[in-house]
Amino acid sequence: MKEPQDKFESLLASLNPQQQEVVLYTSSPQIIVAGAGSGKTRVIMVKIAFYCYALNVNPEKILAITFTNKAAQELKDRLEILNLSGVNSGTFHAVCLKILQAHGNYIGVKKPVVYDEQDQAALIKECLAQLEIDDKRTSPGRVVEWISRKKDELEVPQPVAGTKDYKLHLVYELYQKKLDALNALDFGGLIMKAVELLTKYPDLRDYYQKSKYTHILVDEYQDTNTAQAVFLKLLAGDNRHLTVVGDPDQSIYSWRGANINNLLHFEQSYPTAKTFRLEQNYRSTQAILEASNGLILHNLQRKEKNLWSDKTDGEEIVYLKVESDRAEAKKVAEILIENNLDGIPYCDMAVFYRTHSLSRSLEEILLKRGVPYMIVGGLPFYQRKEIKDLLCYVRFIINPADRISFKRIINTPARKIGDKTLLKIESAVYSSGTDFYTLFKNNYGVEGISGHPRKVCDFFIYLIDKYRPKFESDEHWNTVVEELIEEINYISYIKNTNTDEKADVRIDNINTLVEAFAEYQAEHENASIYEFIDTLALRSSADDLNGKQDKVSLMTLHCAKGLEFKLVCLIGMEEKLLPYYKDIEDADEIEEERRLCYVGITRAKEKVYLLSASRRFTYSGPKYSLPSRFISEIPEEKLKANSRPQKNEPARYFNVNYYPKDNHFDMNEFMDEFSVGDCVYHYDYGKGVILGGTGYGKNKKLIIQFNGEQEPTVVMASYAGLSKLDEQ
DNA sequence: TATCACGGCGGTTCT
DNA sequence: CGCCGTGATA
């Protein structure tokens with residue numbers, strides 16, 4: 001058994017000279033420009049070990065800021081092996097939350113609740129109504145986004161009549177007031193309030209800089225926004241033990257306010273900073289490396305960098321052009337199965353795509369072929385309806401001033417309370433000047449609320465009285481929650497409002513949530529329910545990933561950052577999808593799309609498959625597209641010979657809506673041209689016979705027995721691209 | 001006044 | 001497709 005100290009020394013010895021130099025350097029802040037696969041995570045870990053074992057730094061004084069909670073957890077796990085479990089790690093948001101939980105009271109932040117986009121949108125809706133702005137023309141979601149971008153730049157509302165975005169500023173101002181009154185923080189607010197706190201209180205700032213966190217490391221620095229950079233500066237001050245790591249070629253979050261200049265102009269904020277480079281790639285084969293280098297070379301705004309590797313050539317990249325999304329899915333399934341037979345475990349394979357929606361057809365086929373898979377990402381756990389519902393119960397019970405939560409749960413499950421009644425209750429609460437609990441607990445006659453609605457209100461008072469003390473004590477929260485779920489009949493509500501299949505998934509999620517309560521309490525002494533709820537809100541979808549099962553990972557390209565697999569498939573390699581159609585006009589945005597593609601390819605250790613489909617069905621009908629320009633930007637000799645894109649392809653670069661929006665088309669003979677017994681040809685399934693049909697027009701479904709399929713298949717007549725065959 | 005069924009419509013990437 | 005808002009219905 002090796003001692004941790006020995007482990008550290010052998011780790012250090014295993015690094016290359018450049019990596020060692022980075023680890024040993026302590027004279028000033030340092031910025032590490034680290035290419036894909038250059039071992040930056042490892043360098044961060046060894047550097048932390050170096051601080052502790054060589055410089056005798058107390059692990060608790062070290063702060064590692066990561067991009068996701070998952071990355072933070074992985075780092076923690078690795079450090080634990082080195083006996084360094086005291087090291088602090090988390091995302092910017094988690095770190096800010098922690099600081100605000102500890103000292104937020106200085107600036108009026110106490111027991112903060114973290115609001116996600118849904119909560120924000122609900123609050124924005126209130127604001128729009130109050131300001132009499134039409135929420136059809138100004139969608140709450142858009143406003144949320146606008147405000148988020150302002151907060152990324154630390155901009156406060158400045159409503160000046162007659163100036164640009166005057167109304168948006170007005171909404172922002174009102175929204176912020178409401179947030180403050182609710183003790184709520186949105187994502188941007190977490191950073192902004194932390195900045196405010198550390199700016200206003202020099203003593204506190206000193207405490208953080210000089211004694212709380214003396215050594216700070218930040219990963220994925222290319223994807224930080226202005227607010228985060230300012231926060232970091234406040235936290236680090238002139239500390240020379242600051243390390244930031246990033247790769248400009250992997251900057252893919254500018255749409256979220258990330259500012260690449262934080263990385264490129266690091267020396268402006270930290271004049272004594274020294275720059276280091278890590279250019280040796282340990283992950284991928286030569287072929288993959290050269291292909292991705294060739295691709296990223298097409299970006300004009302780019303700092304020269306040359307990744308190299310001493311790995312063997314490896315296999316060339318395979319590009320496959322197929323007819324349809326279905327064929328693409330089948331091909332992917334084949335690739336996965338074949339390689340699995342060749343010895344690559346499923347857990348070492350991944351499929352990446354630009355948008356979540358592309359996973360659907362794939363899932364269907366994988367399920368059919370029995371390929372085990374898991375979707376990483378998708379809707380964050382916290383935002384799933386059943387989870388959000390239950391958490392809103394808890395949120396409201398421990399904080400009856402939380403209007404937004406109340407709104408969500410008062411009629412969930414249905415209790416015969418509609419908008420009108422809700423409005424009455426809200427205005428009664430508002431004009432009483434107190435909160436819901438105080439008003440209904442003490443008054444037997446609340447004006448305007450009687451009969452059934454009053455009973456429902458009393459039920460909530462009962463819930464608060466019964467469960468609040470339990471949540472605030474050290475009782476086992478999981479049993480408390482279970483009791484609550486039972487009390488509100490939530491499980492039968494889920495069963496009654498969902499198909500069996502869906503209900504099962506949701507009940508599964510609820511069980512996971514209940515476990516999470518127990519887990520948190522087990523891991524934290526004197527755990528506070530407030531802190532737990534907020535921690536949960538910051539948990540992203542990628543964080544739920546438990547990598548131990550032997551399953552193929554399906555995820556978006558954004559989600560893929562920081563991961564690696566032996567085999568990688570990129571599907572939907574088409575113009576308008578990658579690059580995405582919204583980013584296709586702007587040169588900067590094209591470059592970001594190219595980086596996204598680059599990130600995808602560089603995740604692979606050994607094999608890369610790129611797939612494009614000529615035809616893809618969307619909800620609005622079939623769409624035709626050409627292979628992505630990025631495929632032809634990969635040096636041709638790095639693509640497998642038989643898979644190189646053909647030059648001068650016939651232009652089929654148009655979208656077809658076969659079916660006009662006009663509903664009269666419903667009765668069109670085209671749609672009803674099929675009848676039972678007809679022989680038809682399906683572009684994918686081949687020949688078949690129609691057994692029956694349901695629905696009309698665009699929604700017409702046909703039940704068809706295809707040759708070679710065991711069971712009849714249901715297809716959408718309008719999407720299937722069916723053609724009638726003469727009798728055989 | 002609550003609820004249900006239907007039709008229209010938008011549609012990225014995520015802490 | 002799935003969500004949301006609308007209008008008819010109980």
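All chains are named by letter (A, B, ...) in the order of the sequence lines, taking the proteins before the strands, and each is independently numbered beginning at 1.
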Mind checking whether A:H558 and A:F352 have side chains closer than 4.5 Å, heavy atoms only? no
Relative to the 5' end of DNA chain B, which residue comes earlier, A:I417 or A:F187, by the nucleotide with the nearest heavy atom? A:I417
Is the shortest side-chain N/O distance from A:T421 to OP1 or OP2 of B:dA2 below 4.0 Å? yes
Report yes if a side-chain nitrogen or oxygen of A:H356 is closer than 4.0 Å to either non-bridging phosphate oxygen (OP1 or OP2) of B:dC14; otherwise report no. yes
Closest to side chain of A:N411, choosing from C:dC1, B:dT1, B:dT3: B:dT3
What integer distance in Å separates A:K385:NZ from C:dC3:C1'? 13 Å
Determine whether more than 12 heavy atoms belonging to other residues, nucleotides or ligands lie under 6.0 Å from atom CG of A:D419. no
Once you round it to whole Å, what is the distance between C1' of B:dT3 and CZ of A:R415? 16 Å
Would you tell me if any nitrogen or oxygen in the side chain of A:R595 comes within less than 4.0 Å of OP1 or OP2 on B:dT13? no
A:A414 near the nucleic acid: base, sugar-phosphate alone, or nothing, with a heavy-atom cut-off under 4.0 Å? sugar-phosphate
Charged N-O contact under 4.0 Å between A:E363 and A:R360: no
Can a side chain N or O of A:T556 be found less than 4.0 Å away from OP1 or OP2 on B:dC14? yes
Looking across every strand, which nucleic acid part, if any, lies under 4.0 Å from A:E592 by heavy atom: base, sugar-phosphate, or nothing? nothing
Can you tell me if the side-chain N/O atoms of A:K70 get under 4.0 Å from OP1 or OP2 in B:dC14? no
Taking the basic N atoms (NZ, or NE/NH1/NH2) and the acidic carboxylate oxygens, is any pair closer than 4.0 Å for A:E386 and A:R506? yes
Looking only at the side chain of A:R354 (C-beta and beyond, no hydrogens), which of the listed nucleotides B:dG11, B:dT12, B:dC14 gets closest? B:dT12
Return the stacking result for B:dT13 and A:W255: yes when the ring centres lie under 5.5 Å apart and the planes under 30°, no otherwise. yes
Any donor and acceptor pair, going by atom type alone, linking the side chain of A:D249 with main-chain N or O of A:Y598 inside 3.5 Å? no
Look at A:K424 and B:dT1 and indicate whether a side-chain polar atom (N or O) is within less than 4.0 Å of OP1 or OP2. yes
